[in-house]
Amino acid sequence: MCYDKCARCIGHSLVWLAILCIVANILLYFPNGETRYASEDHLSRFVWFFSGIVGGGLLIFLPAFVFIGLEQGDCCGCCGHENCGKRCVMLSSVLVALIGIAGSGYCVIVAALGLAEGPICLDSSNQWNYTFASTEGQYLLDRSTWSQCVEPKHVVEWNASLFSILLALGGIEFILCLIQVINGVLGGICGYCCTHHQVRTSKSTTPRQNHNLPLFHCNLYILLVLICKTLY
């Protein structure tokens, strides 16, 4: 398996998912395309947590671009041994994948809380409140209760749809970053994928006895990295 190509595929997918998260979060500020509810502070409090903009968006761009650049990445350590260097890079990608997991996890949690609490709206008693806060999300299964929100019109559908999108996108991002954690560990421990031509070239140009020292240092370096990750 080519671990770097898998990482590139994950990186490109994360970029598009992050863009969609940012768009969905921005739309939450404009129920029915109107701006006055944001200026009047009549939006769900979870909209202001920026879960899609920061968690599912900006924090995902960092690991995404790192994953995309992994194929050209290298590490100058390990006594200059090329494949070992790339294995070190794959292991380092695990760290940025953890940032992606944190960001997407934040997006999922906030979106779930926003869905459970429901939107703030003007009810039949002419009061702005969280009409469905006490239902613990059960209002989502009973569309007949949505008419309790008089203004903004269709705000329940608007919030439920966009928070559901953020929940789904954040979940996919979380899974992809988790896959890259596994991919990075396997790429670092099992070795970097190379073509048969690269293998033949390496064997023909490098004396066999010269590989012992670099490979020893490489394996020692990887062992130390794994120990550090376990401790911290």
Side-chain angles (χ1 to χ4, degrees), residues 10 13-64 95-181:
I10 292 175
S13 300
L14 287 176
V15 169
W16 288 109
L17 290 170
I19 292 174
L20 291 175
C21 277
I22 292 174
V23 172
N25 199 154
I26 291 175
L27 289 175
L28 280 169
Y29 293 101
F30 310 107
N32 303 319
E34 300 182 48
T35 60
R36 63 189 181 94
Y37 299 110
S39 60
E40 295 171 359
D41 196 23
H42 289 154
L43 296 177
S44 169
R45 57 176 177 157
F46 290 108
V47 174
W48 301 103
F49 281 37
F50 305 107
S51 61
I53 295 176
V54 177
L58 299 180
L59 287 180
I60 295 297
F61 280 134
L62 174 60
L95 297 177
V96 290
L98 294 177
I99 296 176
I101 287 176
S104 58
Y106 175 72
C107 181
V108 167
I109 292 172
V110 173
L113 291 175
L115 277 174
E117 185 174 62
I120 184 173
C121 62
L122 186 67
D123 59 19
S124 56
S125 62
N126 204 33
Q127 296 291 326
W128 287 92
N129 55 47
Y130 291 94
T131 306
F132 308 106
S134 60
T135 66
E136 298 181 350
Q138 295 300 316
Y139 75 96
L140 294 169
L141 304 177
D142 188 2
R143 293 178 61 92
S144 63
T145 62
W146 295 4
S147 59
Q148 295 179 28
C149 281
V150 179
E151 189 181 348
K153 291 183 178 180
H154 308 296
V155 67
V156 180
E157 294 93 325
W158 187 269
N159 267 39
S161 299
L162 292 174
F163 273 127
S164 296
I165 290 173
L166 286 174
L167 182 65
L169 294 176
I172 296 173
E173 290 173 342
F174 186 92
I175 293 172
L176 289 177
C177 289
L178 186 61
I179 290 175
Q180 179 52 33
V181 170

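These numbers come from a predicted model, not from an experiment.
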Heavy atoms from other residues, nucleotides or ligands near CD of Glu40 exceed 12 (cutoff 6.0 Å): yes

Can you see which heavy atom on [X] is nearest to which on [Y], and at what distance?
X: Ser13; Y: Leu176; answer: CB-CD1, 3.9 Å
X: Tyr139; Y: Pro119; answer: OH-CD, 4.3 Å
X: Tyr106; Y: Phe49; answer: OH-O, 2.6 Å
X: Gly56; Y: Cys107; answer: N-CB, 3.8 Å
X: Phe163; Y: Val110; answer: CE2-O, 4.5 Å
X: Cys21; Y: Gly170; answer: SG-N, 4.5 Å

Mind checking side chain to side chain donor-acceptor pair (under 3.5 Å) for Ser134 and listing every partner two or more places apart, or none if nothing turns up? none

Rounded to the nearest 0.5 Å, what separates atom [atom1] in [X] from atom [atom2] in [Y]?
X: Ile172; Y: Trp16; atom1: CD1; atom2: CH2; value: 15.5 Å
X: Thr135; Y: Glu117; atom1: OG1; atom2: CD; value: 10.0 Å
X: Leu162; Y: Ile165; atom1: CG; atom2: CD1; value: 5.5 Å
X: Leu62; Y: Leu14; atom1: CG; atom2: CG; value: 11.0 Å
X: Phe50; Y: Ile26; atom1: CZ; atom2: CD1; value: 10.5 Å
X: Ile175; Y: Ser104; atom1: CD1; atom2: OG; value: 9.5 Å

What pairs of residues pass the disulfide (SG to SG under 2.5 Å) test when at least one of them lies in residues 122-157, not counting sequence neighbours? Cys121-Cys149

How about Thr131 and Asn129: does a side-chain donor come under 3.5 Å of a side-chain acceptor?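 Yes, side-chain donor-acceptor contact under 3.5 Å.
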
Taking the side chain as every heavy atom from C-beta outward, state whether [X] and [Y] have any atom pair closer than 4.5 Å.
X: Leu28; Y: Leu166; result: yes
X: Pro63; Y: Leu98; result: no
X: Leu17; Y: Ile60; result: no

Between [X] (side chain only) and [Y] (backbone N and O only), is there a donor and an acceptor less than 3.5 Å apart?
X: Trp158; Y: Leu27; answer: yes
X: Asn32; Y: Glu34; answer: no
X: Tyr29; Y: Val47; answer: yes

ring-ring contact (aromatic ring centres under 6.0 Å, His included), paired with His42, selected from Trp48, Trp128, Phe30, Tyr37: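 Of Trp48, Trp128, Phe30, Tyr37, ring-ring contact (aromatic ring centres under 6.0 Å, His included) with His42 is met by Trp128 alone.
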
